[in-house]
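Have a look at the structure below before the remarks.
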Amino acid sequence: MDLPGTWWPEDADGLAVVQTALAARTPEPWRPPVDRPLLIGGSFCCFPRGIEGPGGPGDPVWVAAVTYAGRRRIARHVRTDTAGAAYVAGSLAMREGPALAAAVEALEPRPDVMLVDATGRDHPRRAGLAYHLGAALDLPTVGVTHRPLLASGEWPGEEEGAASPLWLAEEQVGAWVRTRRGRRPLVVHAGWRTDPDVAVEVVRRALAGTRTPLPLREARRLARRTRAQTPVGPR
DNA sequence: GCGACAG
DNA sequence: ATCTTGTCGC
């Protein structure tokens, strides 16, 4: 498949073409560096409070991206933007892709790997937003969601860090991970240049006592805090 | 045809 | 994602 003419088509058919092309790629697998500290990023976007259902194109969106070195945040970027479309399962990239990409592109320095609140290979065309964003930005990514999109698998044990595979047909696309004892496990997705094992390893290393991995939690906090400081909406 | 369906 | 109410725990 060729490079897409645009990373973020504005129509569902165009997006499906890009997703199918990206899913067929076989990028060089990424592994955490062993000679220096691992930089883990997090990105998150939120929408206006009170918005009902799937929303629609033009909705204001607040998006934040951060870079962490261990428990130290070394970079952050927050911006406001507009949604490209309503939320539709399988087409999250149309709603959040452009805004998320713009925020991560403005992040300096970039992390080695970015956590994204979306699926990766767990997708009808094997190219969820976490996978798609990584391809668009040439950045390894790992997806983190509350639940699978299509994949299924048994829950892991209660011990912190416990993981169990999530399958889509014959492919392991991610894992349930007990990020905190006594809490519902999160879904960790293989993304761009990351397989399920590496994805789980990255999330384990990003944990800091809370259910949500630190970089993702901080990006979410920043996005929501910025929203709270906006009286009416983005200019 | 019907239900399910990342955020 | 956002909303709501209640509950458990530090």
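Labels below follow one simple rule: chain letters A, B, ... track the order of the sequence lines, proteins then strands, and each chain is numbered from 1. Since this is a predicted model, take the numbers as computed values, not measurements.
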Side-chain polar contacts of residues 30-43 of chain A - donor-acceptor pairs under 3.5 angstrom, sequence neighbours left out - could you list them?
{"residue": "Arg36(A)", "atom": "NH1", "partner": "Asp112(A)", "partner atom": "OD1", "Å": "3.3"}
{"residue": "Arg36(A)", "atom": "NH1", "partner": "Asp112(A)", "partner atom": "OD2", "Å": "3.2"}
{"residue": "Arg36(A)", "atom": "NH2", "partner": "Asp112(A)", "partner atom": "OD1", "Å": "2.8"}
{"residue": "Ser43(A)", "atom": "OG", "partner": "Leu115(A)", "partner atom": "O", "Å": "3.3"}

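Taking the charged nitrogens against the carboxylate oxygens, Asp117(A) and Arg220(A) have no contact shorter than 4.0 Å, which rules out a salt bridge. Ionic pairing of Arg180(A) and Glu160(A) is not present here: no N-O contact between side-chain nitrogen and carboxylate oxygen is shorter than 4.0 angstrom.
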Can you pull every protein N or O that's under 3.5 Å from an N or O on nucleotides 3-10 of chain C?
{"residue": "dC3(C)", "atom": "OP1", "partner": "Arg49(A)", "partner atom": "NE", "Å": "3.1"}
{"residue": "dC3(C)", "atom": "OP1", "partner": "Gly50(A)", "partner atom": "N", "Å": "2.9"}
{"residue": "dC3(C)", "atom": "OP2", "partner": "Arg49(A)", "partner atom": "NE", "Å": "2.8"}
{"residue": "dC3(C)", "atom": "OP2", "partner": "Arg49(A)", "partner atom": "NH2", "Å": "3.1"}

Sequence-aligned protein contact record of nucleotides 2-7 of chain B, with B where the base is within under 4.0 Å of a protein heavy atom and S where only the sugar-phosphate is | ---BBB

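Between the side chains of Thr230(A) and Trp62(A), at least one donor-acceptor pair of N or O atoms lies under 3.5 Å.
Cation-pi check for Arg25(A) over Tyr131(A) is not met; the charged atom does not lie both under 6.0 angstrom from the ring centroid and within 45 degrees of its normal.
Arg224(A) comes within 4.0 angstrom of the backbone, heavy atoms only, and of no base.
Residue His189(A) forms a side chain to side chain donor-acceptor pair (under 3.5 Å) with just one option from Thr145(A), Thr119(A), Thr141(A), and that option is Thr145(A).
Within 6.0 Å of CZ in Arg184(A) there are more than 12 heavy atoms belonging to other residues, nucleotides or ligands.
Residues Val173(A) and Trp176(A) are members of separate hydrophobic clusters, defined by side-chain heavy-atom contacts under 4.5 angstrom among Ile, Leu, Val, Met, Phe, Trp and Tyr.
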